[in-house]
Amino acid sequence: MIEATGLTKRYGAKTAVYNLSFQVRPGTVTGFLGPNGSGKSTTMRMILGLDNPTSGRVTIAGHPYRKLPNAPRQVGALLDAKAVHGGRHARNHLLSLAQLSGIPASRVDEVLGVVGLRDVAKKRSNGFSLGMGQRLGIAAALLGDPQVLLFDEPVNGLDPEGILWVRNLMKSLAAEGRTVFVSSHLMSEMALTAEHLIVIGRGQLLADMSVREFIAANSAGFARVRTPETEPEQREKLTSALTEAGGQVLPEQDGALRVTGLPLPRISDLAHDADVRLWELSPHQASLEEAYMRLTQGAVDYRSTADQLGGFQQPQAAGMPPGMAPGMAPPVPVPGQDQPGWYPPPAPQQGGRPNPYAAQQGQPPQAQPPQAQAPEHTAMLRTLPAPQEQQAPEHTAMLRKLPEPQQPQPGQQAQQPQAQPLPPAAEPTKSDDEDATR
Ligand SMILES: Nc1ncnc2c1ncn2[C@@H]1O[C@H](COP(=O)(O)OP(=O)(O)OP(=O)(O)O)[C@@H](O)[C@H]1O
């Protein structure tokens with residue numbers, strides 16, 4: 001088990017991690033999520049003794065990493081797949097790691113097989129693709145057959161087959177009773193891989209709970225309703241009927257309607273009363289991505305703006321909305337579509353605290369009084385920054401309430417992808433990536 005208690009890391013004026021307490025248990029894959037720069041890698045480095053905490057502590061099986069006897073046999077990690085001696089063969093790289101930890105050479109060949117790199121074992125790693133480098137990093141993590149494994153973005157650069165392989169590998173490692181702690185920005189992948197989540201924002205804990213609890217706590221279910229595409233007036237009629245009945249109706253990108261606040265039978269009755277035919281009426285649970293977006297909206301440091309292309313864009317045809325090509329039907333306006341938060345599903349409860357980050361943009365987290373530690377097996381979502389942290393009851397979820405997502409600013413609309421002509425085929429180049437000494 002990995003246990004962090006009041007973990008804080010400051011780099012000069014920058015507070016990268018603040019008062020982080022959590023446990024990563026054996027037997028399940030625990031996902032470690034957070035926006036760019038939220039402190040995931042810093043936390044992992046502290047777990048592995050590569051960075052010293054400014055305060056607090058983190059242990060593996062009860063010991064700080066540096067005090068673990070023969071740590072590489074107990075803990076395996078992939079932090080930075082590029083952190084290898086590029087001039088070495090893949091096999092020699094692993095052999096040198098194995099020798100340092102008293103691991104037999106036969107294990108090197110085993111892990112090369114596990115990660116699918118046997119055929120390139122004698123190739124220099126500086127000639128490896130991103131995905132091959134990731135596989136080599138995973139091989140290094142598996143080398144000591146450790147009970148505790150940490151992976152920072154393990155699927156980065158992997159092809160679909162590789163992503164599926166990593167997913168199954170993580171699950172099987174956890175099923176063997178190991179502790180598996182994985183960071184990723186790929187929410188769809190995390191939803192399929194992890195059972196438990198630890199979510200941080202600006203170095204502070206936002207959530208510590210199962211994936212199922214996390215989605216339920218950060219989103220509400222909704223109904224998708226579709227009317228005949230050839231009769232847009234039916235869609236408008238239904239939208240009015242649903243809105244008058246107290247529902248919230250928002251457009252989906254494919255022309256369907258997303259309805260919250262009304263149960264499915266009521267939607268069906270209202271459609272019937274309004275004499276509107278339905279082509280679809282289906283219940284939906286929000287995705288992990290939507291729930292994550294809702295929770296972390298206020299903790300994102302790096303946001304993109306629309307590319308204005310230096311004013312070089314072709315003028316739009318008269319009356320044509322930006323991004324619409326001539327001949328495309330403009331979207332049917334739907335009441336409510338300009339409401340903030342139409343993309344993420346509505347929060348399950350209203351009246352949350354104001355966004356604690358709103359006044360802190362670009363500022364380090366403010367010092368807070370020590371917070372009570374959550375008991376074992378407690379799923380946590382925290383209200384932040386609260387002057388006094390309440391103790392969470394066992395098996396309950398705690399959630400940091402953040403405000404509704406912000407309305408995109410004018411001009412921040414995503415651009416429609418434009419078809420680009422293919423570049424001319426590149427001339428084949430001579431490759432010397434196969435090691436001459438092979
Ligand atoms: N050695 C360092 N010196 C100064 N600041 C650092 C250092 N390492 C990390 N930071 C800062 O600490 C913060 C957290 O960085 P960290 O790399 O841990 O985030 P992350 O969640 O892993 O981000 P990403 O998802 O982009 O990988 C960032 O603001 C980063 O700039």
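In this structure, the side chains of Asp51 and Lys9 come closer than 4.5 Å at one or more pairs of heavy atoms. Leu250 has its side chain out of reach of Phe222: every pair of non-hydrogen atoms, C-beta onward, lies at least 4.5 Å apart. No side-chain heavy atom of Gln74 sits less than 4.5 Å from a side-chain heavy atom of Gln147. A 4.5 Å side-chain heavy-atom check between Ile60 and Leu68 finds at least one atom pair inside the cut-off. Considering only heavy atoms from C-beta on, Thr28 comes within 4.5 Å of Thr30 through its side chain. Residues Pro154 and Met170 form a side-chain contact, since some pair of their non-hydrogen atoms from C-beta on lies under 4.5 Å apart. Side-chain contact between Val155 and Gln134 is absent, with no heavy atoms from C-beta onward closer than 4.5 Å. Under the 4.5 Å side-chain criterion, counting only non-hydrogen atoms from C-beta, Leu173 is in contact with Leu142.
Side-chain contact of Ser287 with Glu289: a donor-acceptor pair under 3.5 Å is absent, judged by distance alone. With 3.5 Å as the limit, one finds a donor-acceptor pair spanning the side chains of Gln23 and Glu3. In the model, Ser96 has no side-chain atom that pairs as donor or acceptor with a side-chain atom of Gln99 under 3.5 Å. Looking at His196 and Asp208, their side chains do bring a donor and an acceptor atom within 3.5 Å of each other.
The pair Arg45-Asp152 fails the salt-bridge criterion, with no side-chain N (NZ, NE, NH1 or NH2) lying under 4.0 Å from an Asp/Glu carboxylate O. The pair Arg135-Glu161 meets the salt-bridge criterion, since a charged nitrogen lies less than 4.0 angstrom from a carboxylate oxygen. By the 4.0 Å N-to-carboxylate-O rule, Asp254 lies close enough to Arg226 to be salt-bridged with it.
Distance CZ/Phe214 to CG/Leu33: 7.0 Å, rounded to 0.5 Å. To the nearest 0.5 Å, atom OG1 of residue Thr8 and atom CD of residue Gln204 are 9.0 Å apart. Taken to the nearest 0.5 Å, the CE atom of Met209 stands 11.5 Å off from the CD1 atom of Ile198. Considering CD of Gln285 and CZ of Arg212, their distance stands at 10.5 Å, rounded to 0.5 Å. Taking OG of Ser282 as the start and CZ of Arg224 as the end, the distance is 6.0 Å to the nearest 0.5 Å. Taken to the nearest 0.5 Å, the CG atom of Leu158 stands 6.0 Å off from the CD1 atom of Ile163.
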| Full working for side chain to side chain contact (heavy atoms under 4.5 Å, CB included) between Leu150 and Leu78 | CA-CA 6 Å; Leu150 287 85; Leu78 164 68; over 6 Å; no
| request: Apply side chain to side chain contact (heavy atoms under 4.5 Å, CB included) to Val58 and Thr5, showing your working. | output: CA-CA 6 Å; Val58 58; Thr5 311; over 6 Å; no
| request: Could you give me the CA-CA distance, side-chain angles and deciding distance for Thr260 and Gln248, then say whether side-chain hydrogen bond (donor to acceptor under 3.5 Å, both in side chains) is met? | output: CA-CA 5 Å; Thr260 51; Gln248 290 86 46; 3.1 Å; yes
| Between Arg258 and Glu290, is a salt bridge (charged side-chain N to carboxylate O under 4.0 Å, His left out) present by the stated rule, with each step listed? | CA-CA 14 Å; Arg258 178 186 285 225; Glu290 289 171 311; 3.0 Å; yes
| message | Working note: Leu7 + Asn19, criterion side chain to side chain contact (heavy atoms under 4.5 Å, CB included); need CA distance, chi angles, decisive distance, verdict. | response | CA-CA 5 Å; Leu7 205 56; Asn19 199 24; over 6 Å; no
| message | Between Ile47 and Phe181, is the side chain to side chain contact (heavy atoms under 4.5 Å, CB included) condition met? List the steps. | response | CA-CA 11 Å; Ile47 294 171; Phe181 195 35; 3.8 Å; yes
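Taking a 6.0 Å sphere around NE2 of His284, one finds it holds more than 12 heavy atoms contributed by other residues, nucleotides or ligands.
Between the side chain of Arg10 and the main chain of Val17, no donor-acceptor pair closer than 3.5 Å is present. No donor-acceptor distance shorter than 3.5 angstrom exists from the side chain of Lys40 to the backbone of Val199, with no hydrogens or angles considered. A donor-acceptor pair is defined here as one N or O able to donate and one able to accept, closer than 3.5 Å; such a pair exists between the side chain of Glu213 and the backbone of Ser210. Between the side chain of Arg178 and the main chain of Val148, no donor-acceptor pair closer than 3.5 Å is present. Panel note: side chain Thr15, backbone Tyr18; no donor-acceptor pair is recorded below 3.5 Å. In this structure, the side chain of Thr193 does not engage the main chain of Met190 through any donor-acceptor pair within 3.5 Å. With hydrogens and angles disregarded, no donor-acceptor distance shorter than 3.5 Å links the side chain of Ser268 to the backbone of Leu264. Without hydrogens or angle criteria, Ser101 side chain to Pro72 main chain gives no donor-acceptor distance under 3.5 Å.
Seen from the ring of Tyr65, Lys67 does not count as a face-on cation partner, given the 6.0 Å and 45° thresholds.
You'll find the ring centres of Phe32 and Phe151 outside the 6.0 Å limit.
Pairing each heavy atom of Pro35 with each of His185, the nearest pair is C-CE1, 4.1 Å. Nearest heavy atom pair, residue Tyr292 against residue Gly34, reads OH-C, 3.0 Å. Taking all atoms of both residues into account, the shortest heavy-atom contact from Phe128 to Val120 is CZ-O, 3.9 Å. Minimum interatomic distance between Asn156 and Leu130 (heavy atoms only, all atoms of both residues): O-CG, 4.1 Å. Across Pro251 and Leu257, no two heavy atoms sit closer than the pair CA-CD2, 4.5 Å. For the pair Arg266 and Ala245, the tightest heavy-atom approach, listed with the atom from each and the gap, is NH2-CB, 3.9 Å.
When the options Val111, Asp109, Val115, Leu117 are evaluated for a side-chain contact (heavy atoms from CB on, under 4.5 Å) with Leu94, the one that passes is Val111. Among Leu97, Leu143, Asp145, the single residue meeting the side-chain contact (heavy atoms from CB on, under 4.5 Å) criterion with Ile103 is Leu143.
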